[in-house]
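This report refers to the structure that appears directly beneath it.
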Amino acid sequence: MSFPDRYSSQRDLKLLSRAAYRRSWQLACLTTLALVAGCSTPKKAPPTPPPPLVRTIKPLPPMGAVEGMSIPDVDASGSYLTPNRGVTANTALWHVRMALNVAALSCHGVNEPARLQYNQILHVHQAVLREANAAVDRNYTAAYGSGGLQSRELLNTVVYNFFSLPPVTKSFCPVAIEVGAKILAMPSNQLLAYAPEALTALEKPFQEFYEAYADYLRRLAEWQSRFGGTVSVVVSPTPLPPPPTPPKELGAGFVPPPSVAPIPRPQEGSGAPLVPPTTRVIVPTFPLTKPAK
C-alpha cells in the first residue's frame, strides 16, 4: 500500500493556484475592455459625399451648321423633299451635271480631281449631255409654254443652291469624285440609265445632314425643356417650302404649237437677253477650263 507524496500534493496545489490566477486575470481583462468600450464615444459615420457635378452642354448644330436653320419637310417615304424628287432620266442626268459642276467649284484638294473630272465629262459625253439638255427643254416648253425656259432656270438655281450647302461640302466632295470617276469610266450610251442612281448617291450626304440636323433639334428641345430658363433658342424653324417638281418626260417627236413656241436661246455674244433682266437667272454650267483634246 502506497501513500501520496507530500511534495506531489504541494505541486498540484501550486498548479491549481496558477490556473485559478490565470482565469481571474483573463476575466479582469475582459471586464476592463467591456468598461472601456462602454465609456468610449462611438465614431460618427463619414458624411455622404455630394453627387458628382454633371456639366450640361448645349447641343450644337452638326457639321458646323448655323443655329435656327430651316430644313425641308419629309415625304411619305421619310425622305426629305429636295429638287431632285420625281425627276425623269434626262432631268436626273442634268441634275447630276449641275452637282458635279458645284463639286468642280467647291471641292479643292490635290490636283483638284473634281474640276478635272467635270471638264473631261463635258468633253467625253458631250453628245449625250446635249441630247439630255434638249429633252429637258422640250419638257419645260410643253409644260410651261413660253415661260418654260425661265421656269427651268429657276429650278436650276434651286438645284445649285441645294448642292452648294456649305456644311455638307466636306462629305459631298468624296461622293462627287467617286460618281465622276464612274461616269468617265462608262460609255456614253449607259450614262442616261446610270443618272438616277448617280443622283441618289450625290444627294445622300444632304439627306444625312438633314437627318442629323433634325436630331440636333430634338436634342436641343430636350435640353431646353430641362434648362430652358437660362437660354433662348429657336427650336422649330420654319421648314423650307417644297422645291418645284420638274415636268414629266415627253417623246422626241413632240412639236410645240405656235402658241407655246419655246423662247429661242440667244447665241453667245449676241447681247440678246434670255429673259427680262429683272428676272433672269444665270447659272454656271460652263466648263471651268477648256478640256484637253
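Heavy atoms only, all atoms of each residue included: Ala114 and Ala103 are closest at CB-O, 3.6 Å. Taking both residues in full, the closest heavy atoms of Lys248 and Asn139 are given as O-CG, 3.3 Å, listed atom of the first, atom of the second, then distance. In this structure, Phe209 and Pro62 approach most closely via the heavy-atom pair CE1-O, 3.9 Å. For Leu60 against Arg219, the heavy-atom pair with the smallest separation is O-NH2, 4.3 Å.
Relative to the ring axis of Trp94, Arg152 places its NZ or CZ within 45° and under 6.0 Å from the centre.
Surrounding CG of Asn189 are more than 12 heavy atoms belonging to other residues, nucleotides or ligands, all under 6.0 Å away.
For the side chain to side chain contact (heavy atoms under 4.5 Å, CB included) with Thr82, the lone residue among Phe206, Phe163, Phe162 that qualifies is Phe162.
The closest side-chain donor-acceptor pair between Tyr80 and Glu211 falls under 3.5 angstrom. Checking Asn133 against Arg138 by side-chain atom types alone, no donor-acceptor pair falls below 3.5 Å.
Using a distance-only test at 3.5 Å, with no hydrogens or angles considered, no donor-acceptor pair links the side chain of Ser164 to the main chain of Asn161.
Residue Leu81 holds its CG atom at 9.0 Å from CD of Gln207, rounded to the nearest 0.5 Å. Remark: Thr169 OG1 to Leu105 CG distance equals 11.0 Å, nearest 0.5 Å.
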**Request:** Would you please test Leu155 and Tyr140 for side chain to side chain contact (heavy atoms under 4.5 Å, CB included) and show each step?
**Result:** CA-CA 11 Å; Leu155 178 60; Tyr140 274 88; 2.8 Å; yes

**Request:** Determine, step by step, whether Arg85 and Asp75 satisfy the salt bridge (Lys or Arg N to Asp or Glu O under 4.0 Å) criterion, reporting the C-alpha distance in whole Å, the side-chain angles of both residues, the deciding distance to 0.1 Å, and the verdict.
**Result:** CA-CA 10 Å; Arg85 75 192 194 286; Asp75 58 17; over 6 Å; no

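Taking the six-membered ring for Trp, Tyr210 and Tyr213 have ring centres at least 6.0 Å apart.
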